Amino acid sequence: MSSDIDRYYVWEIISYAWTEIGIEDRECKALVEKGGIGANHLAAVDRIIFGDVCASFAVDTFLIFPLMLWIIMPDWGYTEEYLRKRMERWYSRPYWAHFLNPVRWLGYPLAVLMALRYRAMLRRAAVAQNMVK
């Protein structure tokens, strides 16, 4: 991963997939700028999204997806403190250890589907960021 991007902002943008409010393009663009994410970082961003964020939210997805069919998702975003602690827990364990939980395997495909919209938004903002420079 490129050391000049702040992966927290990737986590923040993609985490909106698990909320009712989501984010708009202008908010995503501001987060991309804060994180220093450019078009040259897109491979690293994809590794973070698919390898870490979606895998981290896979258990949540498996547990809440059936409920989303009957109730509304939360209308709040995750706090910075919560996301940073979640990242810290995620990166503190060996990667393979996360996948000992079979629920993670079951929820992962749905987590990826939920994240795709925000991945596309992030990618557009990153490419636009390079065009501005």
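From a predicted model like this one, the values you see are computed outputs, not experimental measurements. Because only heavy atoms are used, hydrogens play no part in the values below, and waters and symmetry mates are left out as well, while side chains stay in.
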- Item | Charged N-O contact under 4.0 Å between R124 and D25 | yes
- List the steps and the verdict of side-chain contact (heavy atoms from CB on, under 4.5 Å) for I37 and Q129. CA-CA 8 Å; I37 303 166; Q129 178 76 359; over 6 Å; no
- To the nearest 0.5 Å, atom OH of Y9 lies from atom CD1 of I14 at 15.0 Å
- Message: Restricting to ring pair (Phe, Tyr, Trp, His ring centres under 6.0 Å), what partner residues turn up for Y78, sequence neighbours left out?
- Response: F57, W76, Y82
- May I ask you to test the W96-L100 pair for a side-chain heavy-atom distance under 4.5 Å? yes
- Query: Measuring from R47:CZ to H41:NE2, what's the distance to the nearest 0.5 Å?
  - Reply: 11.0 Å
- Message: Could you measure the distance from the CD1 atom of I49 to the CG atom of L122? Nearest 0.5 Å is fine.
- Response: 5.5 Å
- Query: Is there a donor-acceptor pair under 3.5 Å between the side chain of S56 and the backbone N or O of V53?
  - Reply: no
- Work out which heavy atom in A111 is nearest to a heavy atom in A58; give both atom names and the distance. CB-CA, 4.1 Å
- Task: Please round to the nearest 0.5 Å and tell me the distance separating atom SG of C28 and atom CD of E33.
- Result: 10.0 Å
- Query: Do R86 and D60 pass the salt bridge (Lys or Arg N to Asp or Glu O under 4.0 Å) test, and can you show the C-alpha distance, the side-chain angles, and the key distance before you say yes or no?
  - Reply: CA-CA 12 Å; R86 186 175 188 130; D60 305 50; 2.8 Å; yes
- After noting the C-alpha distance and the side-chain angles of L110 and F62, does the key distance pass the side-chain contact (heavy atoms from CB on, under 4.5 Å) rule? CA-CA 7 Å; L110 285 174; F62 180 79; 5.8 Å; no
- Task: For T61 and M114, run side-chain contact (heavy atoms from CB on, under 4.5 Å): C-alpha distance rounded to whole Å, both residues' side-chain angles, the deciding distance at 0.1 Å, then the answer.
- Result: CA-CA 9 Å; T61 304; M114 290 176 69; 3.6 Å; yes
- Note on the structure: In this structure, NZ of K85 is separated from CD of E80 (nearest 0.5 Å) by 12.0 Å
- Message: What verdict does the side-chain contact (heavy atoms from CB on, under 4.5 Å) test give for I23 and M121, after you've listed the backbone C-alpha separation in whole Å, the side-chain angles of each residue and the deciding distance to 0.1 Å?
- Response: CA-CA 9 Å; I23 59 171; M121 187 183 297; 3.9 Å; yes
- Between R84 and Y8, is NZ or CZ placed under 6.0 angstrom from the six-membered ring centre and within 45° of the ring axis? yes
- May I ask you to check whether Y95 and F99 place their ring centers less than 6.0 Å from one another? yes
- Decide yes or no for L106 and V59: does some side-chain heavy atom of the first lie under 4.5 Å from some side-chain heavy atom of the second? no
- Message: For residues 112-122, which residue pairs pass the side-chain hydrogen bond (donor to acceptor under 3.5 Å, both in side chains) check, not counting sequence neighbours?
- Response: D46-R119
- Message: Strictly distance-based, threshold 3.5 Å: is any side-chain N or O of R104 a donor or acceptor partner for the main-chain N or O of H98?
- Response: yes
- Query: Looking only at heavy atoms, what is the nearest atom pair of T19 and Y16, with distance?
  - Reply: OG1-O, 3.0 Å
- Least distance between heavy atoms, E12 atom then L31 atom: OE1-CD2, 3.6 Å
